[in-house]
Amino acid sequence: MIIHRAYKTRLTPNKKQTELFVQYAGTARFVFNWALADRINKYNLGEPTNYYEQKKRFNAIKRDEAPWIVDTPYTILESAFKNLDLAYQNFFRRIKKGESPGFPKFKSRKYGLGSFSFRGCIHAEKSWIKLPIIGWIKLAEKGYLPTGNVKILKATVSHRGEYWIISL
């Protein structure tokens with residue numbers, strides 16, 4: 001039997017890792033805002049769009065509009081598109097139910113640095129976690145995350161107050 005569990009703990013990244021976290025959170029916010037503006041524009045023009053078509057168009061123009069995005073892992077960009085797609089699905093689901101939902105909003109740095117997600121090779125040890133590209137990051141709590149024969153599907157790193165939090 002497969003058991004799915006979620007874990008949340010605080011990270012203690014070094015200076016270089018903190019810089020990467022800020023860069024990746026900013027990139028995820030930029031992609032989300034670009035995709036939301038694009039969806040609004042397509043809706044006003046009366047043209048349909050979806051997750052795959054939008055991601056394909058963004059990949060075609062990202063080197064011209066934002067060349068700094070090339071240094072960001074693709075899973076972070078992909079998760080930003082998926083988050084927007086999920087927000088749209090929830091919005092229309094609530095409309096069908098007769099509720100008065102809020103339309104998806106643009107993300108702002110004013111309310112915190114934000115978050116980003118990784119998929120892929122994520123490994124946890126007693127007091128460390130390894131994320132793709134970033135490497136090993138020290139955990140604030142030792143022995144909290146499961147180790148051994150555990151498959152971690154996704155990791156979301158978010159900034160809360162003065163701390164970086166990871167959710168698995």
Side-chain angles (χ1 to χ4, degrees), residues 1-36 38-39 50-52 54-56 58-59 62-63 65-91 104-168:
M1 174 175 14
I2 297 176
I3 299 173
H4 292 279
R5 292 199 175 159
Y7 293 90
K8 185 186 255 187
T9 188
R10 196 178 67 159
L11 297 172
T12 53
N14 60 29
K15 188 175 182 178
K16 183 181 176 188
Q17 291 168 339
T18 302
E19 289 173 3
L20 284 174
F21 287 174
V22 171
Q23 176 188 347
Y24 292 164
T27 302
R29 182 177 53 251
F30 174 82
V31 171
F32 184 91
N33 289 341
W34 180 91
L36 180 57
D38 183 63
R39 286 237 178 154
N50 61 22
Y51 163 78
Y52 298 105
Q54 199 171 31
K55 195 169 89 167
K56 185 178 177 182
F58 181 77
N59 286 334
K62 72 180 175 184
R63 292 188 191 278
E65 283 198 18
W68 46 270
I69 284 184
V70 177
D71 299 335
T72 305
Y74 79 95
T75 59
I76 292 173
L77 307 178
E78 191 174 78
S79 68
F81 279 110
K82 283 190 178 186
N83 289 343
L84 177 68
D85 196 50
L86 184 63
Y88 259 83
Q89 289 174 8
N90 290 338
F91 173 72
K105 294 181 173 84
F106 289 98
K107 295 188 181 227
S108 170
R109 190 172 181 175
K110 180 179 178 181
Y111 302 109
L113 295 176
S115 64
F116 59 92
S117 298
F118 276 108
R119 287 183 302 105
C121 288
I122 302 166
H123 303 287
E125 288 188 4
K126 188 174 183 178
S127 60
W128 296 86
I129 188 161
K130 185 177 183 183
L131 296 176
I133 309 292
I134 297 174
W136 290 99
I137 305 164
K138 193 169 185 174
L139 299 171
E141 299 177 70
K142 292 182 181 177
Y144 176 68
L145 297 179
T147 58
N149 192 15
V150 175
K151 183 177 180 182
I152 300 173
L153 302 175
K154 182 179 174 183
T156 300
V157 178
S158 56
H159 189 256
R160 300 284 183 256
E162 60 188 54
Y163 301 113
W164 287 97
I165 308 292
I166 189 162
S167 303
L168 306 175

Report task. Using a strict cut-off of less than 4.0 Å between a Lys/Arg side-chain nitrogen and an Asp/Glu carboxylate oxygen, indicate whether Glu78 and Lys55 qualify as a salt bridge. Result -> yes

Query raised in the report: Considering only heavy atoms from C-beta outward, does the side chain of Leu11 approach that of Ile165 to under 4.5 Å?
Result: no

Query raised in the report: Atom CZ in Phe118, atom CD1 in Ile134: separation rounded to 0.5 Å?
Result: 4.0 Å

Report task. Anything under 30° is parallel, anything over 60° is perpendicular, the rest tilted; go ahead and classify Phe81 against Phe58. Result -> perpendicular

Report task. Check whether any side-chain N or O of Asn33 sits under 3.5 Å from a backbone N or O of Lys107 as a donor-acceptor pair, and report yes or no. Result -> yes

Report task. Supply the atom-to-atom distance Trp128 CH2 to Lys142 NZ, rounded to the nearest 0.5 angstrom. Result -> 9.5 Å

Report task. State the CZ-CD1 distance between Phe30 and Ile69, to the nearest 0.5 angstrom. Result -> 5.0 Å

Query raised in the report: What do the steps show when you test Ile166 against Thr156 for side-chain contact (heavy atoms from CB on, under 4.5 Å), and what is the final call?
Result: CA-CA 6 Å; Ile166 189 162; Thr156 300; over 6 Å; no

Query raised in the report: Which distance, rounded to the nearest 0.5 Å, do you find between the OH of Tyr24 and the CD of Gln17?
Result: 10.5 Å

Query raised in the report: Hey, what do you get for CG (Asn59) to OH (Tyr74), rounding to the nearest 0.5 Å?
Result: 11.5 Å

**Report entry** side-chain contact (heavy atoms from CB on, under 4.5 Å) between Gln23 and Ile76, worked out
**Finding:** CA-CA 11 Å; Gln23 176 188 347; Ile76 292 173; over 6 Å; no

Query raised in the report: How close do Ser108 and Arg29 get, heavy atom to heavy atom, and via which atoms?
Result: C-CD, 3.9 Å

Query raised in the report: Does the side chain of Ile122 reach to within under 4.5 Å of the side chain of Pro132, using non-hydrogen atoms?
Result: yes

Query raised in the report: Near Lys62 NZ, under 6.0 Å, is it more than 12 heavy atoms from other residues, nucleotides or ligands?
Result: yes

Query - Under the side-chain hydrogen bond (donor to acceptor under 3.5 Å, both in side chains) test, residues paired with Asp85 that sit two or more places apart - result: Arg39, Gln89

Requested in this report: Give the minimum heavy-atom separation between Val22 and Arg109, together with the two atoms involved.
Outcome: CG1-NH2, 4.2 Å

Report summary line: Nearest heavy-atom approach of Gln54 to Leu84 is OE1-CD2, 4.2 Å

**Report entry** Smallest separation among heavy atoms of Ala28 and Ala80, with atom names
**Finding:** O-CB, 3.6 Å

Query raised in the report: Would you call Thr9 and Ile129 a side-chain contact if the rule is heavy atoms closer than 4.5 Å?
Result: no

Query raised in the report: How are the rings of Phe116 and Phe21 set to each other: parallel, tilted or perpendicular (split at 30° and 60°)?
Result: tilted

Report task. Taking Asp38 for its side chain and Trp34 for its backbone only, find out whether a donor-acceptor pair lies under 3.5 Å. Result -> no

**Report entry** Nearest-0.5 Å distance, CZ of residue Arg160 to CG of residue Leu113
**Finding:** 10.5 Å

Query raised in the report: Looking at side-chain heavy atoms only, is the closest gap between Leu131 and Val157 below 4.5 Å?
Result: yes

**Report entry** Minimum heavy-atom distance Trp136-His123, with the two atoms named
**Finding:** CZ3-O, 4.1 Å

